[in-house]
Amino acid sequence: MIKLVNLSKNYSDKNLHILKKINYTFKKGKIYSIVGPSGTGKSTLLNIMSLIDKPSKGELNINKIKINFNDKIKNDTYRARQIGIIYQDNNLLKDFTALENVLIARLTIEDNENRALIDSKKILKKIGLAKRLSHYPNELSGGESQRVAICRAIINSPNILLADEPTGSLDQKNAKEIFKLLIKLKNKNRVIIFATHNLYFANMADCKLKLINGNIKNHNERNAI
Ligand SMILES: Nc1ncnc2c1ncn2[C@@H]1O[C@H](COP(=O)(O)OP(=O)(O)OP(=O)(O)O)[C@@H](O)[C@H]1O
Ligand SMILES: [Mg+2]
């Protein structure tokens with residue numbers, strides 16, 4: 001589903017070679033974890049796959065189509081429809097309620113406001129936040145905020161779900177809850193890729209990848225979670 005071909009990322013002005021000719025194919029229906037030392041390029045790789053950053057060399061193909069990183073408008077539209085992103089800090093819009101944060105994401109691809117509202121409420125209720133719809137981010141706990149961020153990431157049913165240390169700022173109990181939710185989001189048309197420093201969570205993936213010295217190594221594929 002996502003194919004990296006000789007994908008490289010350099011900061012040539014600083015003589016830094018972060019990603020070095022990575023070749024790897026992420027398949028739909030699978031969950032991948034990426035571990036690796038700090039500064040090794042996990043976020044860089046996720047940002048390229050979410051079309052936010054661009055590679056210095058090489059290709060990114062999604063569903064056999066080569067991404068043109070110069071076509072920003074097309075890529076932004078593609079991201080809104082097909083890519084859900086969850087960050088360490090949930091990045092919720094602080095002046096908007098939990099419901100509005102999800103709704104805004106839905107309205108980027110849905111013209112029918114009523115339907116968007118119904119869908120947004122439904123997804124928040126499903127994740128256990130029925131009583132938090134009108135809460136602003138500063139009125140939510142860390143775990144609740146991250147659950148809103150998950151709803152926002154999946155409200156448009158993306159086939160690609162990327163998470164960059166999604167529980168980095170949560171305690172172990174909440175982190176476990178969030179990972180349980182994340183794993184449940186697996187479906188046959190979707191690829192889920194997350195970066196983490198937590199080996200326990202990394203092991204919950206079908207495929208465990210290690211990013212080291214600019215390359216993906218040590219992949220051991222498992223059939224079941
Ligand atoms: N704009 C930039 N200019 C130069 N170097 C950069 C720039 N952005 C990131 N880097 C460098 O790229 C490297 C990879 O960063 P990245 O954030 O991808 O690491 P990471 O694996 O996600 O680390 P962590 O586990 O700490 O989140 C770092 O050494 C960082 O200093
Ligand atoms: Mg990072």
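Note that ligands are numbered from 1 as they come in the structure, with each ligand's atoms numbered from 1 the same way. Because the structure is a prediction, the values reported are computed rather than measured.
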Self-check item: Side chain proximity check, Lys9 to Asp53, heavy atoms < 4.5 angstrom
Solution: yes
Quiz item: Heavy-atom count around Glu113 CD within 6.0 Å, excluding the residue itself: above 12?
Solution: no
Quiz item: Among Leu129, Leu124, Val148, which one satisfies side chain to side chain contact (heavy atoms under 4.5 Å, CB included) with Leu99?
Solution: Leu124
Quiz item: Which ligand 1 atoms are under 4.0 Å away from a heavy-atom of Ile18?
Solution: 12 (O), 13 (C), 14 (C)
Quiz item: So, does Ser169 use its side chain to make a donor-acceptor pair with the main chain of Gln88 at under 3.5 Å?
Solution: yes
Quiz prompt | Sub-4.0 Å protein heavy atom near atom 30 (C) of ligand 1 | solution = no
Quiz item: Quick one: which ligand 1 atoms are inside 4.0 Å of a heavy atom on Ser38?
Solution: 23 (O), 24 (P), 25 (O), 26 (O)
Exercise. Just jot down the ligand 1 atoms closer than 4.0 angstrom to any heavy atom of Thr44, in number order.
Key: 14 (C), 15 (O), 16 (P), 18 (O)
Practice problem: May I ask you to decide if Ile127's main-chain N or O and Arg147's side chain share a donor-acceptor pair within less than 3.5 Å? | Solution: yes
Exercise. Would you mind running through ligand 1 and noting each atom that sits below 4.0 Å from a heavy atom of Ser43?
Key: 17 (O), 18 (O), 20 (P), 22 (O), 27 (O)
Practice problem: Look only at interatomic distance and state if Lys14 has a nitrogen or oxygen under 3.5 Å from any nitrogen or oxygen of ligand 1. | Solution: no
Self-check item: ligand 1 atoms in contact with His197 (distance to a heavy atom under 4.0 Å)
Solution: 24 (P), 25 (O)
Quiz item: Which atoms form the tightest heavy-atom contact between Thr97 and Ser134, and what is the distance?
Solution: CG2-O, 3.5 Å
Quiz item: Using a distance-only test with no angle check, is there a side-chain donor-acceptor pair under 3.5 angstrom linking Asn203 and Lys208?
Solution: yes
Practice problem: Look at atom 27 (O) of ligand 1 and say which protein heavy atom is nearest, naming residue and atom and giving the distance to 0.1 Å. | Solution: Glu165 OE2, 3.2 Å
Self-check item: Sub-6.0 Å ring centroid separation between Phe179 and Tyr200
Solution: no
Self-check item: Top protein contact for atom 14 (C) of ligand 1, by heavy-atom distance
Solution: Gly39 O, 3.3 Å
Self-check item: Met1 side chain near Lys27 side chain, heavy-atom distance below 4.5 Å
Solution: no
Quiz item: Any heavy atom of Lys9 sitting closer than 4.0 Å to ligand 1?
Solution: no
Self-check item: the Mg ion (ligand 2) to nearest N/O/S of Ser43 below 2.8 Å
Solution: yes
Quiz item: Is there a nitrogen or oxygen of Gly36 sitting under 3.5 Å from a nitrogen or oxygen of ligand 1?
Solution: no
Quiz item: Is there at least one pair of N or O atoms, one from Leu16 and one from ligand 1, spaced under 3.5 Å apart?
Solution: no
Practice problem: Starting from atom 2 (C) of ligand 1, locate the nearest protein heavy atom and write down its residue, its atom name and how far away it is, to 0.1 Å. | Solution: Tyr11 CE2, 3.4 Å
Quiz item: Within 4.0 Å of atom 17 (O) of ligand 1 (strictly less), any protein heavy atom?
Solution: yes
Quiz item: Can you list every side-chain hydrogen bond (donor to acceptor under 3.5 Å, both in side chains) pair that touches residues 61-70, not counting sequence neighbours?
Solution: Lys54-Asn70, Glu59-Asn61
